[in-house]
Amino acid sequence: MWTSRQSGVDLTWIVRTTRGGSRTVKGRYQSLAATGAALSLTAAALTGCGAVGSITGDNEVTLRVVAADYGDNPQNSSAGYWKDLAAGFQKDHPGVKVEVSVYSWSEVDAKVAEMVKAGKAPDIAQIGAYADYAAAGKLYTAEELLSVSTEADFLAPLADAGKVRRVQYGMPFVASTRLLFYNEKLLTDAGVLPKDAKGGWQPKSWADLEAAAKKLKAAGVATPFALPLGREEAQAETMMWMLAGGGGYTDNEEAYAIDSADNVKTFEFLRDKMVGQGLTGALEPAKTDRQAAFDAFTRGEVGMLNGHPTLLKQAAEKGVKFGMVALPTEDGTEHPTMGVADWVMAFKNGHRKESGKFLDYLYEAKNVTTFTNKYDLLPATTTGYRAMDASTGGSATQLKTFLQALPNARLYPVGKKSWAGVSEDVKRNIGKSVQPGGQPAKVLEAIAESARKADAQ
């Protein structure tokens, strides 16, 4: 618990964070990145920890904000960003206190759901899905909250992805696309890359991946290909492979098609060729979270894995030399890549005006770029996109590879009120499909049936 007093206003922070992350328009998918001990920022005084969005003495308003942690350790937790953001906001708005709780990605969505169910929804939440709350009439619209300039600054595909029945409720926070990362030294030592290779590795098909993974295994690499299908972000790893296999969560009419023939074929490949031949090595897919796979990659134990921009900095800090390419497709032909947006929403707790002012502040260019630069993520605003595209030095060149894929990436179907539940179902069950003896058709069929039932309600 951390409390500061500035301009006669209390700013109270409750931080519960652990290791772990960071998540279309019509015809596309919609959405854009660990449990453990709590991280506290200086225990001082306890103030403002009562009712959600409460009105305290002297008619001061307390806004309660819940956010996800994008850091991979307590030292780079997102709590620091939110602390500075709220301090800057409250300095200019002395009648408003801001209380922020930061949770790991493995628990933040569930925490908000628990709060809403208990009748204690936060004023603002920065999580992975919004549509179920919008459909239940619990959210303010973006138009009710934001200034015209803020609302107009969102990248159009992401703003459209934030709509339910053509009304925007979800405000994109940050975005990312995904690429295949590979350890240059491990691939070179295994003979996948020639020692004098200058153009990098350019795999096109799953056969190329399989062949490379076999060479890595023969060379003694602990995990030739990391396949994180644990709870942290199984829905993302799943979608990447579905798209590469010609399928996806939905069909061209935006109806759930999780159990399509293409998707079944994809998970049969993962079961038989990658897991079945021991090419996922020491990390058991169903029990491996994304950050655990990232950590193993930065230790030099993983040859290949799918990653998002935050892995750039994590790997570089550990001295790992790596390359990045698009995830190869089943037959080598081009298929869409995946994009993810993480979302901000404001609950109807009676503080529309105060929430709107805080969100306008959140989306100021300086605050957007501070966050995206810290975690090597992609901005959700036009001003942020232009700033990143014009930047040079550091990881800017590598980030542009992800940035260029964003406008045409496919996103989760977050405009469906059922998506949050479907995503949770995938997290719980998809790992079973690739275990030895697993039955992808049955697993996908069960998830699809539940999804279609929920979507029809």
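Here, residue 1 is the first one in the sequence, and each next residue gets the next number.
The backbone N or O of E232 lies less than 3.5 Å from a partner atom in the side chain of D289, making a donor-acceptor pair. Under a 3.5 Å cut-off, the side chain of D259 and the backbone N or O of L444 do not form any donor-acceptor pair. Counting only distance, with no hydrogens or angles, the side chain of D251 and the backbone of E253 share a donor-acceptor pair below 3.5 Å. In terms of modelled atom types and a separation under 3.5 Å, the side chain of D92 and the main chain of F89 share no donor-acceptor contact. For Q126 (side chain) and A68 (main-chain N/O), a donor-acceptor pair under 3.5 Å exists by modelled atom type. Checked by atom type and distance alone, the side chain of S450 pairs as donor or acceptor with a backbone atom of A446 at under 3.5 Å. One N or O on the side chain of N373 and one on the backbone of T369 form a donor-acceptor pair closer than 3.5 Å.
Between E233 and R178 there is a salt bridge, since a side-chain N of the basic residue sits under 4.0 Å from a carboxylate O of the acidic one. A salt bridge is defined here as a Lys NZ or Arg NE, NH1 or NH2 lying under 4.0 Å from an Asp or Glu carboxylate O, and E424 with R231 meets this definition.
The two atoms that bring S418 and D455 nearest to each other are OG-OD1, 3.4 Å, heavy atoms only. Closest approach of L63 to H351, counting heavy atoms only: CD2-CB, 3.9 Å. A pairwise comparison of heavy atoms in L283 and A226 identifies CD1-CB, 4.2 Å as the closest pair. Here the closest heavy-atom approach between residue V434 and residue P285 is recorded as CG2-CB, 4.1 Å. Here the closest heavy-atom approach between residue A315 and residue F297 is recorded as CB-CE2, 4.2 Å. In plain terms, the two heavy atoms of A454 and K417 that are nearest each other are O-CE, 4.3 Å.
Not counting sequence neighbours, the partners of E317 by the side chain to side chain contact (heavy atoms under 4.5 Å, CB included) test are K313. Looking at residues two or more places apart in sequence or on another chain, you find no ring-ring contact (aromatic ring centres under 6.0 Å, His included) involving F402. Shown here are the side chain to side chain contact (heavy atoms under 4.5 Å, CB included) partners of K265, two or more places apart in sequence or in another chain: E330. For Q435, the side chain to side chain contact (heavy atoms under 4.5 Å, CB included) criterion is met by E284, A286, K432, not counting sequence neighbours. With sequence neighbours left out, F322 forms a ring-ring contact (aromatic ring centres under 6.0 Å, His included) with F181.
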Q: Any chance you could lay out the side-chain contact (heavy atoms from CB on, under 4.5 Å) test for L180 and M304, step after step, and finish with the verdict?
A: CA-CA 7 Å; L180 177 70; M304 302 173 283; 4.3 Å; yes
Q. Does the pair L243 and Y249 meet the rule for a side-chain contact (heavy atoms from CB on, under 4.5 Å), with working shown?
A. CA-CA 9 Å; L243 290 173; Y249 282 119; over 6 Å; no
Q. After noting the C-alpha distance and the side-chain angles of L312 and M324, does the key distance pass the side-chain contact (heavy atoms from CB on, under 4.5 Å) rule?
A. CA-CA 10 Å; L312 293 173; M324 301 179 299; 3.5 Å; yes
(Q) Using the rule given for ring-ring contact (aromatic ring centres under 6.0 Å, His included), can you reason through F225 versus W241, listing the C-alpha separation, both sets of side-chain angles and the distance that settles it, and then say yes or no? (A) CA-CA 13 Å; F225 195 103; W241 284 99; 5.7 Å; yes
Q: I would like to know whether Y133 and M345 meet side-chain contact (heavy atoms from CB on, under 4.5 Å); could you show each step before the answer?
A: CA-CA 9 Å; Y133 300 125; M345 61 217 68; 4.0 Å; yes
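Enclosure of atom CZ in R452 by more than 12 non-hydrogen atoms of other residues, nucleotides or ligands within 6.0 angstrom is indicated. Crowding of R386 atom CZ: a count of heavy atoms from other residues, nucleotides or ligands under 6.0 Å not exceeding 12. Atom CD of E143 has 12 or fewer heavy atoms from other residues, nucleotides or ligands within 6.0 Å.
M171 places a side-chain heavy atom less than 4.5 Å from the side chain of L359. No side-chain heavy atom of L229 sits under 4.5 Å from any side-chain heavy atom of T288. Side-chain atoms of L85 and F371, non-hydrogen and from C-beta on, never get closer than 4.5 Å to each other. A 4.5 Å side-chain heavy-atom check between F267 and I430 finds at least one atom pair inside the cut-off. Within the 4.5 Å cutoff, no side-chain heavy atoms of E254 are placed close to those of P413. Looking at F347 and L139, their side chains come closer than 4.5 Å, going by heavy atoms from C-beta outward. Contact check for Y140 versus L146: no side-chain heavy atoms found under the 4.5 Å cut-off. A heavy-atom distance below 4.5 Å is found between the side chains of M388 and L399.
For the residue pair D360 / T150, a side-chain donor-acceptor distance below 3.5 Å is found, with atom types taken as modelled. Looking at D123 and S355, their side chains never bring a donor and an acceptor atom within 3.5 Å of each other. Side-chain N/O atoms of T266 and N263 include no donor and acceptor closer than 3.5 Å. Defined by atom type and a distance below 3.5 Å, a donor-acceptor pair is present between the side-chain atoms of D425 and N429.
Using cut-offs of 30° and 60° on the angle between ring planes, the pair F154 and Y363 is perpendicular. Ring geometry for F173 versus Y70: interplanar angle of 30 to 60°, hence tilted.
Counting only residues at least two apart or in different chains, side-chain hydrogen bond (donor to acceptor under 3.5 Å, both in side chains) contacts with residues 164-175 are absent.
Taken to the nearest 0.5 Å, the OG1 atom of T382 stands 12.0 Å off from the CG atom of D389. E151 contributes atom CD, which lies 10.5 Å from atom CD of E144 (distance to the nearest 0.5 angstrom). For the atom pair M240 CE and T238 OG1, the distance stands at 8.5 Å (nearest 0.5 Å). The CG atom of D376 sits 9.5 Å away from atom CG of L378, with the distance rounded to the nearest 0.5 Å. Going from atom NZ of K357 over to atom NE2 of H93 covers 5.0 Å, rounded to the nearest 0.5 Å. Distance check: N367 CG to L362 CG gives 7.0 Å after rounding to the nearest 0.5 Å.
No option in L311, L179, L327 other than L327 meets the side-chain contact (heavy atoms from CB on, under 4.5 Å) test with N306.
Annotation: H308 is not in aromatic contact with Y375 [ring centroid separation under 6.0 Å not met].
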